[in-house]
S.K.: 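Take a look at this one; I'll ask things after.
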Amino acid sequence: SSEPSAPGASPRAPRPGAQKLSGSVTKKGDRGAKDKPATALPPLGEDELRNPEEYQCCGVLETDFAELCTRSGYTDFPKVVTRPRPHQTTPSTSTTEKSSQEERRLSGSNSINGLDSKYAFFRPTIQVELEQDDNKLVKEIHIRGWKVDDRMLTVFSKCLPSLSQLQAINLWKVGLTDKTLATFVALLSQCSSTLRKLSLEGNPLREQSYHKLMGLDSTITHLSLRNNDIDDRGAQLLGQALSTLHSCNRNLVSLNLAFNHIGDKGAGFIADGLRLNRSLLWLSLAHNCIRDEGALRLAEVLRPFELKPAEVVERRRLLLEKGTQERSPSSSRHGDSKMDREKSQLVGISSSLAVDKQEKVQPTKTPKSPGKKKEKSAEVVKKEEKSGSSQSPIQGTPKKEDIAKSSKGKVNIPEQKINKGKGTKTGSKEKRSTLLESEQLVVEAMETVNPLLEPVEHRDGKVFMPGNKVLLYLNLLRNEITEVGLEGFLTAVQFQVQLSKPKTSSKGPSGLLWLSLAKNCFDPQCPTHTMIQELMLPRDPVKSKLREEEAAAFPT
């Protein structure tokens with residue numbers, strides 16, 4: 001029996017294995033015709049996916065994102081909108097209802113446009129913060145509440161690296177997986193060197209691979225991982241990313257791990273990461289499950305602690321390596337550095353840099369300076385010679401200040417990194433990259449020594465390190481700490497206060513300036529907590545400044 005023919009059969013090529021019919025199509029073929037658009041989309045999509053590679057981004061996110069989404073086959077995609085500024089208050093529910101009622105009264109009907117405006121807030125968008133001087137330069141990106149999959153990451157990997165002034169990316173509940181996070185980490189390495197802040201909140205991962213964001217080559221200085229269901233296993237990976245016996249993250253300045261499920265073991269792993277880390281200034285473990293055991297482990301790192309056998313062995317190896325370098329200084333390197341110094345003076349490099357260079361070269365005569373630093377100092381001057389001839393004095397000024405700051409120690413490095421994006425607006429991309437590379441070389445040349453080579457104390461055949469005095473801010477709000485854990489922090493704070501007293505004229509802060517232990521399992525008025533607060537009050541720069549202002553306003 002013959003089947004009725006389908007009018008207007010599609011002229012597209014048949015599916016593989018399908019029989020070509022001239023005048024009639026079977027019911028099976030009719031189903032195939034319905035499925036044909038779905039099966040024909042993949043090759044169409046493949047053709048379209050080649051186009052985004054050919055598209056050259058212009059650096060305007062709104063234009064680039066829309067064009068790349070269209071070329072990738074998206075028919076409906078989020079819009080790029082300017083993020084409302086804090087002082088711009090959003091209308092309340094009552095005012096919104098009143099305005100909508102007025103619109104209905106004026107229009108006389110409940111139109112679709114009214115519904116669109118009412119629910120526009122819930123549509124997926126990419127909110128951006130722009131530079132005040134140039135409304136086209138994107139400074140921050142905020143994405144909230146819609147899934148960012150592999151396909152969308154492909155679009156981002158093309159348009160985000162073209163944003164020359166991008167400083168922060170904030171992702172909240174975007175449905176990342178361990179696989180897409182690995183893609184995102186690779187994307188971060190392609191972004192501008194001005195990118196310093198990353199917020200990844202409300203994205204729980206099965207493998208808890210957040211530590212990949214803290215790799216040794218990462219330039220992220222501020223990382224927020226709140227509300228990600230991180231437990232002790234994830235805390236172990238994060239602690240190892242902070243530092244191990246042979247590696248250490250030197251860029252991360254602040255780490256927010258609040259609203260997770262970190263317990264005593266996890267707090268111990270974080271404490272292990274703080275043993276040899278000398279860059280982290282700000283740490284929040286608020287709203288976790290830390291009890292006395294974890295609190296004591298954290299407090300132990302803030303005062304002199306005993307080195308483990310493996311750490312003692314590594315310390316001896318470093319001392320032996322340093323001793324061999326001191327005994328055999330390289331005369332050829334000394335000669336090279338002399339020539340570099342004379343050449344730098346002829347080129348006309350700033351006097352402050354020349355002074356720094358001379359100070360670096362002079363110790364080569366004494367047996368105290370390792371050979372590596374001599375080599376690095378020579379590279380620094382060579383780099384400065386290349387970039388100094390084409391830079392304006394305005395661009396050179398911030399660099400001098402950064403060099404002066406970095407010579408004071410690791411604490412001031414975050415300020416230098418934050419200023420990178422602001423001081424390079426007038427220069428071209430090549431000049432900016434050269435300037436940033438030279439600054440990085442300066443930082444590496446003046447880097448502090450390995451923590452294992454810090455002055456130690458020998459007691460009863462054991463080696464004690466002075467403890468971590470770089471961490472300035474520690475938040476343990478709303479955990480499960482009792483007075484037992486408080487005692488550990490009291491001992492640590494007493495040690496740090498006693499240590500900083502004779503050094504009133506020290507260049508930088510020494511030890512904690514802010515410690516929060518409120519809302520835990522102890523009476524806030526207990527003597528131990530009161531004593532900790534009394535010791536920390538003079539160290540808190542904000543509260544001490546307020547007290548000074550009050551004393552000046554109301555003199556007794």
S.K.: As an exercise, state the distance from CG of D149 to OG1 of T180, rounded to the nearest 0.5 Å.
M.R.: 8.5 Å
S.K.: Can you name the closest pair of heavy atoms from I481 and G485 and give their distance?
M.R.: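 That would be CG2-CA, 3.9 Å.
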S.K.: Output yes when a side-chain donor or acceptor of N277 lies under 3.5 Å from a complementary backbone atom of L242, and no otherwise.
M.R.: yes
S.K.: Would you compute the distance between atom CZ of F489 and atom CZ of R303 and round it to the nearest 0.5 angstrom?
M.R.: 9.5 Å
S.K.: So do the side chains of C526 and L486 get within less than 4.5 Å of each other, counting heavy atoms only?
M.R.: yes
S.K.: Can you name the side-chain contact (heavy atoms from CB on, under 4.5 Å) partners of R226, sequence neighbours left out?
M.R.: E201, S224, N256, A258, F259
S.K.: Looking only at atom types and distance, does a side-chain atom of N251 sit under 3.5 Å from a main-chain N or O of S218, one as donor and one as acceptor?
M.R.: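 Checking the backbone N and O of S218 against the side chain of N251, a donor-acceptor pair under 3.5 Å is found.
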S.K.: Can you find a heavy atom in the side chain of P455 that is under 4.5 Å from one in the side chain of M465?
M.R.: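 SC-SC contact between P455 and M465 ruled out.
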S.K.: Considering all heavy atoms of both residues, which atom of L213 and which atom of L200 are nearest to each other, and what is their separation?
M.R.: CD1-CD2, 3.9 Å
S.K.: Quick one, V456 and H458 - any side-chain contact, counting heavy atoms below 4.5 Å?
M.R.: yes
S.K.: If you round to the nearest 0.5 Å, how far is CG of L477 from OG of S516?
M.R.: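 Here the interatomic distance stands at 4.5 Å.
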S.K.: Does the side chain of D229 come within less than 4.5 Å of H261's, by heavy atoms?
M.R.: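 Contact flag for H261/D229 side chains = yes.
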S.K.: Let's go through L276 and C248 carefully: what are the C-alpha distance in whole Å and the side-chain angles of both, what is the deciding distance for side-chain contact (heavy atoms from CB on, under 4.5 Å) to 0.1 Å, and is it a yes or a no?
M.R.: CA-CA 7 Å; L276 301 179; C248 178; 5.7 Å; no
S.K.: Does any N or O in the side chain of E129 come within less than 3.5 Å of the main-chain N or O of I141, such that one atom is a donor and the other an acceptor?
M.R.: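 It does not hold such a pair.
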S.K.: Identify the heavy atoms of M214 and L223 that sit nearest to each other, and give their distance.
M.R.: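 Taking M214 first and L223 second, the nearest heavy atoms are CG-CD2, 3.6 Å.
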S.K.: Carefully, step by step, assess L163 and T194 under the rule side-chain contact (heavy atoms from CB on, under 4.5 Å).
M.R.: CA-CA 10 Å; L163 304 177; T194 57; over 6 Å; no
S.K.: Just verifying a value: how many Å separate L281 CG and S254 OG, rounded to the nearest 0.5 Å?
M.R.: 8.5 Å
S.K.: Taking everything shown except K139 itself, do over 12 heavy atoms lie less than 6.0 Å from its NZ?
M.R.: yes
S.K.: Could you tell me whether the side chain of N228 and the main chain of I230 form a donor-acceptor pair under 3.5 Å?
M.R.: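 No; zero donor-acceptor contacts below 3.5 Å.
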S.K.: L307 and R275: which non-hydrogen atoms are nearest, and at how many Å?
M.R.: CA-NH2, 4.0 Å
S.K.: Looking at N170 and H142, would you say the former's side chain and the latter's main chain have a donor-acceptor pair under 3.5 Å?
M.R.: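 Not confirmed, N170 side chain does not pair with H142 backbone.
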S.K.: Is a side-chain donor or acceptor of S284 paired with a backbone partner of L474 at a separation under 3.5 angstrom?
M.R.: no
S.K.: Considering only NZ, NE, NH1 and NH2 on the basic side and carboxylate oxygens on the acidic side, decide whether R297 and D264 come within less than 4.0 Å.
M.R.: no
S.K.: Is there a donor-acceptor contact under 3.5 Å from the side chain of D178 to the main chain of E207?
M.R.: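 Judged by distance alone, yes, a pair lies under 3.5 Å.
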S.K.: Heavy-atom distance under 4.5 Å between the side chains of W172 and N203, does that happen here?
M.R.: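 No; the side chains remain at least 4.5 Å from each other.
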S.K.: In the structure I gave you, are the side-chain heavy atoms of L513 and P541 within less than 4.5 Å of one another anywhere?
M.R.: yes
S.K.: Grab the two heavy atoms, one from D231 and one from Q208, that are nearest each other, plus how far apart they are.
M.R.: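 Of all heavy-atom pairs spanning D231 and Q208, the closest is OD1-NE2, 2.8 Å.
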S.K.: Taking side chain as C-beta onward, heavy atoms only, is Y473 less than 4.5 Å from L512?
M.R.: no
S.K.: Considering only heavy atoms from C-beta outward, does the side chain of F269 approach that of Q240 to under 4.5 Å?
M.R.: no
S.K.: What verdict does the side-chain contact (heavy atoms from CB on, under 4.5 Å) test give for E314 and H246, after you've listed the backbone C-alpha separation in whole Å, the side-chain angles of each residue and the deciding distance to 0.1 Å?
M.R.: CA-CA 9 Å; E314 179 66 13; H246 302 288; 3.3 Å; yes
S.K.: Is there a donor-acceptor pair under 3.5 Å between the side chain of D540 and the backbone N or O of L537?
M.R.: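 Not at all, since once roles are kept as given, no pair shorter than 3.5 Å links the two residues.
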S.K.: In terms of side-chain heavy atoms, does T528 have a donor or acceptor partner in E487 at a distance below 3.5 Å?
M.R.: yes
S.K.: Between L205 and Y210, is a side-chain contact (heavy atoms from CB on, under 4.5 Å) present by the stated rule, with each step listed?
M.R.: CA-CA 8 Å; L205 302 179; Y210 306 100; 3.6 Å; yes
S.K.: Checking the side chain of T154 only, and the main-chain atoms of D150 only, is there a donor and an acceptor separated by less than 3.5 Å?
M.R.: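 Here the side-chain-to-backbone pair exists.
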S.K.: Grab the two heavy atoms, one from N260 and one from L225, that are nearest each other, plus how far apart they are.
M.R.: ND2-O, 3.1 Å
S.K.: Hey, what's the ring geometry for H529 with F522, parallel, tilted or perpendicular (30° and 60° as the breaks)?
M.R.: tilted
S.K.: Nearest 0.5 Å, please: how far is CZ in R539 from CG in L472?
M.R.: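 Answer rounded to 0.5 Å: 9.5 Å.
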S.K.: Can you tell me if R316 has over 12 outside heavy atoms packed within less than 6.0 Å of its CZ?
M.R.: no
S.K.: Without swapping roles, check the side chain of T183 against the backbone of K179 for a donor-acceptor pair under 3.5 Å.
M.R.: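 Between the backbone of K179 and the side chain of T183 there is a qualifying donor-acceptor contact (under 3.5 Å).
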S.K.: What is the distance from atom CD1 of I220 to atom CG of L255, rounded to the nearest 0.5 Å?
M.R.: 12.5 Å
S.K.: Counting only heavy atoms not in K462, do more than 12 sit closer than 6.0 Å to its NZ atom?
M.R.: no
S.K.: Do the charged groups of E321 and R317 touch, with an N to O distance under 4.0 Å?
M.R.: yes
